[in-house]
Structure formats: C-alpha cells, structure tokens
Amino acid sequence: QVQLVESGGGLVQAGGSLRLSCAASGRTFSSYAMGWFRQAPGKAREFVSAIAGVFWSGSTTDYGDSVKGRFTISRDNAKNMLYLQMNSLRPEDTAVYYCAARYGDKSFQEQNYDYWGQGTQVTVSS
C-alpha cells in the first residue's frame, strides 16, 4: 500500500515557476514508477510526466507534449519524494495536479496507476 500527498501548488503569474512535491509512504518507493497527471475544469485528466522505478527502465522519464522543455520530473528515493519543477508556466497549465504510483514500468496511461494523491491546485494568471 502506498499513500501519496502532494504539496506546492498555488497561484503564479504566467512565465513563473512552481515546484510540486509528492510525499510517498512505504518502504519500496524506489520500486514504483511515479507519474504526474493534471485535470483542468471540464476536461479529462491529462498525462504530464512519469519516471520509472529503479528496476524498470533505469529511472528514465517521459513527458506530455504540452510540457516538454518546461517541466522536469525527479525523485529522491532516499526521502520517498517525487518532484515536478514547472517553469515558463502558462495559463493553460492551470489544473489540479495529481501524483500517482504503480508497481511496474512507467506509463502515460492513468488506468495503469494503482495509487493516487488528493491533488494540489495550480493556477496560472495571465
């Protein structure tokens, strides 16, 4: 069982930066693939980024097309933490951001994730 708690959301002006954090419980965090998803009002949940666990794909990363070059995912396995550094934020990045975990390789598909946090709101003003 993995419990996830996101933090770091807030209100920021366009062009600004935010760093989201996701604290995970459990002793085998490093084995889990982790992902970030987001959901804007009235829209479906969207893949943002994912990072593999140590036993799959060597902690490689993937990004959604809309965030490539602006967002960076990282993890600190010693601290059971997942991060999302978001730079050059745009109003269209406004959404609730969720972290998710799965015991397996990283995936861009939300149905493949077993555990979810409660989400943190990111609002980007123009």
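Residue numbers start at 1 and run along the sequence shown. Values below: all heavy atoms of this structure, side chains included; hydrogens, waters and symmetry mates excluded.
- Side-chain atoms of N87 and Q85 include a donor-acceptor pair closer than 3.5 Å.
- At least one donor-acceptor pair closer than 3.5 Å links the side chain of R75 to the backbone N or O of A52.
- A 4.5 Å side-chain heavy-atom check between T61 and K106 finds every atom pair outside the cut-off.
- Figure legend: cation-pi geometry between R102 and Y115 absent, as NZ or CZ is not positioned both under 6.0 Å from the six-membered ring centre and within 45° of its axis.
- Between the side chains of N112 and S107, at least one donor N or O lies within less than 3.5 Å of an accepting N or O.
- Residues Y103 and Y32 bring their aromatic ring centres within 6.0 Å.
- Y63 does not carry R70 over the face of its six-membered ring by the limits of under 6.0 Å from the centre and within 45° of the normal.
- When atom types are taken as modelled, the side chain of N80 and the backbone of A24 share a donor-acceptor pair closer than 3.5 angstrom.
- Between L82 and I51 there is a side-chain heavy-atom pair separated by less than 4.5 Å.
- Looking at heavy atoms from C-beta onward, Y83 lies out of side-chain contact with C22 at the 4.5 angstrom threshold.
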For this session: Kindly indicate, with the supporting measurements, whether the criterion side chain to side chain donor-acceptor pair (under 3.5 Å) is fulfilled by R38 and S66.
Result: CA-CA 12 Å; R38 67 186 183 186; S66 62; 3.2 Å; yes
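- When atom types are taken as modelled, the side chain of E6 and the backbone of C99 share a donor-acceptor pair closer than 3.5 angstrom.
- Remark: side-chain polar atoms of S49 are paired, donor with acceptor, to backbone N or O of D62 under 3.5 angstrom.
- Each of L18, T120, T72, V48 was checked for a side-chain contact (heavy atoms from CB on, under 4.5 Å) with L84, and the lone residue meeting it is V48.
- In this structure a side-chain-to-backbone donor-acceptor pair under 3.5 Å is missing from S88 to G15.
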